[in-house]
Each structure stands twice: as structure tokens, then as C-alpha cells.
Amino acid sequence: TWEAIAPFALRVSTERSSSYHKNGAASGKLTVSSINIGTQASFPISRFVPYLKFEGSFNFNDVSFDATKVVTAGNDTFVTTVGLNVGLGIDFIVGREMSFGFEGTYHYLVPKKINLSDSTMFDLGSSYATLGFRVTF
């Protein structure tokens, strides 16, 4: 993550999330790599810095399925989607140039369905939430 000019900072970040399908690892996996651009509003209170963030998200999805299903839309399983991220967090300043904190983010993805070889569709636009630990220096 890169941030500039608090208290309303320009924010550019990247994230990677990965999960197996509901039916287990044998049914395949979805991995999302995101590039996010937005703003972060910070509200410093002594050594605590609560913040809110809002970002546009460009997501690159790597989809794999079991041997019975393949993606038939196009010739690749690497499909892009877009979305919005809304999050909040708090940092605790421990030194002049360092802080630790927690962050929760809700990732809303615009729905996008892809066709599979077994005549079903898979929704790449499933929204999700993340919780993370931050180290800032």
C-alpha cells in the first residue's frame, strides 16, 4: 500500500486472496489479485489513528475447476472484474516511523458470469470481506 497526504490520502494498494470452491479443494480454486486506487481519511487521536477507506478495484481472477469443468468463454481462465472496497481500521503508533494496526474491508465486486463446459455458469462477482493486520513504516 502507498498513501500520500493525510488526513485525506491518495491510496494505491494491491491484494491477493485465494479460496477453494465450496465443495472442497478437489473442485478447484479461485484466486483474485487486485489493484486498488482510492482515498483514505484518517482521524488521529494521540497514538491511535482510526481511518476509513474507499477504493475502486480492478481484479484479475485465476479460476480452476475439477477435470469435468473448464471455462468456455474465451481461451483463458484469467478473467478481469471490477469492484469497490470500503474499509475501516485503526493504527497504533509505536515510534516515529512505525505503527501496527488492524483493518477490515468489504470488497463489492460487480457480478460477472462465465460459461463452463458442463453448461453451467460461475459467478466471478462474488463479494467478500477481509480482516488484516497492518505494519506501517
Only counting residues at least two apart or in another chain, list the ones meeting side chain to side chain contact (heavy atoms under 4.5 Å, CB included) with R96. none
Does the side chain of Y108 reach to within under 4.5 Å of the side chain of S127, using non-hydrogen atoms? yes
Short side-chain to backbone donor-acceptor contact, S42 and Y51, under 3.5 Å: no
With hydrophobic residues grouped by side-chain heavy-atom distances under 4.5 Å, do F137 and F92 end up in a single group? yes
Check whether any side-chain heavy atom of N61 lies under 4.5 Å from a side-chain heavy atom of T81, and answer yes or no. yes
Minimum-distance pair of heavy atoms, taken over all atoms of T130 and S17: CG2-OG, 4.2 Å
Kindly indicate whether the side chain of V82, heavy atoms from C-beta on, has any atom under 4.5 Å from the side chain of F58. yes
After noting the C-alpha distance and the side-chain angles of L10 and T39, does the key distance pass the side-chain contact (heavy atoms from CB on, under 4.5 Å) rule? CA-CA 5 Å; L10 170 66; T39 188; over 6 Å; no
Can you tell me how far apart CZ (R11) and CD (Q40) are? Round to the nearest 0.5 Å. 5.0 Å
Does S34 reach the side chain of V32, with side-chain heavy atoms less than 4.5 Å apart? yes
Is there a continuous path of hydrophobic side-chain contacts, each under 4.5 Å between heavy atoms, that joins L88 to Y106? no
For F133, enumerate each residue passing the side chain to side chain contact (heavy atoms under 4.5 Å, CB included) test, keeping only those at least two apart in sequence or located in another chain. F100, F102, V135
Run the side-chain hydrogen bond (donor to acceptor under 3.5 Å, both in side chains) test against S57 and tell me which residues pass, sequence neighbours left out. N36, N59
Is there side-chain contact between T136 and M98, with at least one heavy-atom pair below 4.5 Å? no
Is there a side-chain contact (heavy atoms from CB on, under 4.5 Å) between E55 and S13? Walk through the geometry before answering. CA-CA 9 Å; E55 302 169 322; S13 65; 3.5 Å; yes
Mark yes or no for whether R47, through its side chain, and I93, through its backbone, hold a donor-acceptor pair below 3.5 Å. yes
Are S99 and V49 close enough that some pair of their side-chain heavy atoms sits under 4.5 Å apart? no
Might you work through the side chain to side chain donor-acceptor pair (under 3.5 Å) test for T105 and K53, ending with a clear yes or no? CA-CA 9 Å; T105 304; K53 70 176 184 175; 3.1 Å; yes
With side chains defined as the heavy atoms from C-beta onward, is the minimum distance between V86 and H107 less than 4.5 Å? no
